[in-house]
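One structure is given below, encoded as C-alpha cells.
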Amino acid sequence: MHNGTDKSEIQKIWELLATVKDPEVPVLSVVDLGIIRSVDIEKKEGDKTTLHIHITPTYSGCPAMDVISIQIRMTLLEAGYKNIEIKQVLSPAWTTDWMSASGKEKLRAFGIAPPQYKVGAINQSTLFAEEKSIICPHCGSAHTQQISEFGATACKALYKCLDCFEPFDYFKCH
Amino acid sequence: MSVTETNNTTLFKYILHLADNALILGQRNSEWTGHGPILEQDIALSNITLDLIGQSRNLYQYAAALYNQQSLQTSDAIAATAIKQLTQDVDEDDLAFLRDENEFYNCLLVEQSNGDWAKTILRMFFFSNYQFLLYRELLKSIDSQLAAIAEKSLKEVTYHLRWSSEWVIRLGDGTEESHHRMKLALQDLWKYTGELTIPSEMETLLVSGGIAANLTNIQPLWREKTKEVLEMATLQIPENNFFPTGGKIGRHTEAMGYILAEMQYLQRAYPQSKW
C-alpha cells in the first residue's frame with residue numbers, strides 16, 4: 001500500500017535513476033531508454049527497507065548492461081539506500097518503441113539518428129531491404145544510404161548522407 | 001534418482017545444450033574479429049557473435065540458478081572435477097569454463113573450423129535458420145524463463161538469419177570463384193545440418209512435458225527455407241543422406257578439444273580469477 005509519502009519517494013527514486021546515463025551514449029539516461037521497468041519499495045523494520053528495481057537488457061549481449069547495473073546500485077547507495085535488489089526481467093522483450101521522445105531528441109542532438117519507425121511497421125525478415133529515408137542528424141536530409149547493418153555497437157547501423165556526405169550512426173528499430 | 005531429480009537434471013542439460021550451441025559458435029565466430037574480409041562485415045559478424053554470447057549468458061545464468069536451487073551438485077548433472085570441487089554456488093562462468101568436453105551438448109555444426117568466408121556465412125545461415133525456428137517454438141514453452149529468453153533472442157536472430165541469407169545469395173549467385181567456394185562449403189557442412197533437427201533423448205522427454213521445442217515441427221520448415229535460399233543462390237542441395245550426430249550427448253569431433261583448450265585455459269590456470 002502506498003500513502004502520499006511513498007508516492008513522492010518513488011518519484012524521487014525515478015528522478016535519481018534519470019541521472020544514470022548510458023555509458024556509450026552519455027546524453028541518454030536509463031529512463032530515456034526504457035531500461036527501468038519498475039521501482040518498488042518494500043518497507044521493513046529498522047534499516048532493512050529494500051528497494052526492488054526491475055531492469056531490462058536492450059540487446060542480449062550488450063556489454064553496457066553490467067556497468068549500468070553497477071551505476072544504478074552506486075547512485076542509490078550514495079542517496080542513502082542500503083538494501084537494493086536489481087533484477088533483470090527479460091519479458092516482455094525490450095523494444096526501441098519504449099524510448100522516450102526526449103530521448104530521441106537527445107540522440108539527434110548528439111549526432112546519432114534516432115529510431116525512426118515503430119517496430120511493427122517494418123518486416124524485419126525481408127531480404128535486401130534497408131530502413132528507408134533515415135534523416136541525417138547533421139543536415140536533416142532524407143537522401144541517405146546504409147553502409148552497414150551493424151555499426152560500432154550492436155544497436156547501431158552505419159549510414160552516410162548523400163547530400164552533406166557525412167557518415168552517421170543510426171539507432172536501429174528493434 | 002527420483003522423478004523430480006531426473007526432470008531437473010534433464011531440464012538443466014537441455015538449457016546447457018541451448019547455451020553451448022550459442023557459446024561455441026560465438027567462440028568460433030570471434031576468431032574472425034580483426035581478420036574479416038572487409039571492415040563492415042568484420043563488425044557485422046562480431047556484433048552477431050555478441051548477440052550469441054549474450055544469449056548464452058542468459059541461458060547459463062538460468063542453468064546456474066536451477067543447479068543451485070535444486071541442489072543438483074548431489075546428482076549426476078555434472079561430473080566434471082573442476083565443478084565438483086567448487087565449494088560455493090556455481091555461476092555462469094563456472095558452467096562455461098570448467099566443464100569438460102564430454103559434458104558440452106552443442107551440435108557438431110558449430111564446432112567446425114571456420115574455413116573461408118563462404119563456409120562461415122553458410123554455417124551461420126544453417127544455424128540461424130534453425131535457431132529462428134527453435135526460439136519461435138520455445139515461445140510456447142511452459143517454462144516461462146525459457147520462453148522469455150526465446151522472446152528476447154528471436155528479435156536478434158531475425159537479423160542474423162537475414163544477414164546470412166543475403167550473404168549466401170550474394171556469394172552463391174556471385175562470381176565463378178565465389179560460387180565455387182560456396183559449393184565446397186556446402187559439401188563440407190551439409191552433413192552436420194541433420195543433427196540440428198534430430199531430437200536427442202532429453203529433448204524427446206522434455207517435449208512431452210511441454211518444455212522443449214519440438215524439432216519435428218521445425219524440420220520441414222528448416223528444409224523449406226534452406227531450399228528457398230539455396231535456389232536463389234543458384235546452389236544445389238547435396239544428395240548426401242549421411243548425418244552424423246553425437247554432439248547433443250557430449251560426443252564431439254576432434255575440433256572441440258582445441259576450442260576448449262583455448263577458451264578455458266585462463267580460467268583453469270588461474271582458478272577464481274576475477275576480470
Side-chain angles (χ1 to χ4, degrees), chain A residues 24 34-35 37 54-70 86-98 115 119-120 122-131 145-160 167 169-174, chain B residues 22-23 26 30 36 38-59 61-62 65 125 128-129 132 135-136 139 144-170 225 228-229 232-233 275:
Chain A
E24 180 68 27
I35 284 176
R37 283 188 193 268
H54 285 189
I55 61 173
T56 175
T58 50
Y59 280 70
S60 290
C62 177
M65 286 312 294
D66 289 334
V67 175
I68 285 172
S69 278
I70 292 170
I86 301 175
K87 187 169 161 199
Q88 229 187 52
V89 175
L90 291 177
S91 181
W94 179 83
T95 161
T96 48
D97 290 354
W98 293 354
V119 165
I122 342 164
N123 184 341
Q124 307 278 11
S125 308
T126 312
L127 297 183
F128 299 109
E130 66 178 61
E131 288 184 50
Q145 187 181 69
Q146 185 188 86
I147 299 176
S148 169
E149 179 91 51
F150 294 95
T153 61
C155 53
K156 302 197 290 255
L158 194 57
Y159 272 72
K160 74 178 177 194
D169 277 324
Y170 170 56
F171 201 118
K172 292 181 287 192
C173 297
H174 186 66
Chain B
L23 179 71
S30 70
I38 49 175
L39 182 60
E40 282 82 28
Q41 296 311 316
D42 186 308
I43 292 172
L45 186 59
S46 299
N47 275 305
I48 288 173
T49 302
L50 195 59
D51 285 341
L52 287 171
I53 294 183
Q55 286 168 29
S56 77
R57 283 195 69 190
N58 286 334
L59 290 159
Q61 281 168 19
Y62 181 31
F125 168 64
S128 299
N129 189 7
F132 177 83
Y135 283 140
R136 215 169 59 171
L139 292 177
S144 56
Q145 185 63 2
L146 272 183
I149 293 173
E151 184 193 343
K152 180 95 200 110
S153 309
L154 193 57
K155 297 176 71 160
E156 290 146 16
V157 172
T158 306
Y159 277 128
H160 305 174
L161 180 55
R162 180 152 73 95
W163 179 86
S164 56
S165 301
E166 290 174 0
W167 269 106
V168 169
I169 294 167
R170 246 178 235 130
K225 175 79 176 173
E228 181 192 313
V229 171
M232 277 197 269
W275 185 241

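Sequence lines set the chain letters: A, B, ... in the order given, protein chains first and strands last, and positions in each chain run from 1.
Annotation: side chain of A:Leu90 is not in contact with side chain of B:Glu151 (no heavy-atom distance under 4.5 Å). A heavy-atom distance below 4.5 Å is found between the side chains of A:Ser125 and B:Thr158.
With values rounded to the nearest 0.5 angstrom, B:Leu50 atom CG is found 10.0 Å from A:Phe150 atom CZ. A:Gln88 CD to B:Lys152 NZ: the interatomic distance, rounded to the nearest 0.5 Å, is 9.0 Å.
Heavy-atom distances place both the backbone and the side chain of A:Thr95 under 4.5 Å from chain B. Contact annotation for A:Pro57: both backbone and side-chain heavy atoms come within less than 4.5 Å of a heavy atom of chain B. Heavy atoms of B:Ile169 lying under 4.5 Å from chain A belong exclusively to its side chain. Both the backbone and the side chain of B:Ile43 come within contact range of chain A, each with at least one heavy atom under 4.5 Å from a heavy atom of that chain. Heavy atoms closer than 4.5 Å to chain A are found in the side chain of B:Asn58, but not in its backbone.
Using a distance-only test at 3.5 Å, with no hydrogens or angles considered, a donor-acceptor pair links the side chain of B:Glu166 to the main chain of A:Phe128. Looking at B:Lys155, its side chain never comes within 3.5 Å of a backbone N or O of A:Tyr59 through a donor-acceptor pair. A donor-acceptor pair is defined here as one N or O able to donate and one able to accept, closer than 3.5 Å; no such pair exists between the side chain of B:Glu40 and the backbone of A:Ser148. When atom types are taken as modelled, the side chain of B:Glu156 and the backbone of A:Ser60 share a donor-acceptor pair closer than 3.5 angstrom.
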Test side chain to side chain contact (heavy atoms under 4.5 Å, CB included) applied to B:Ile48 and A:Glu149, step by step:
CA-CA 11 Å; B:Ile48 288 173; A:Glu149 179 91 51; over 6 Å; no
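Because its NZ or CZ atom is both nearer than 6.0 Å to the ring centre of B:Tyr159 and within 45° of the ring axis, A:Lys172 counts as a cation-pi partner of that residue.
Closest of all the heavy-atom pairs between B:Met232 and A:Leu127 is CE-CD1, 3.9 Å.
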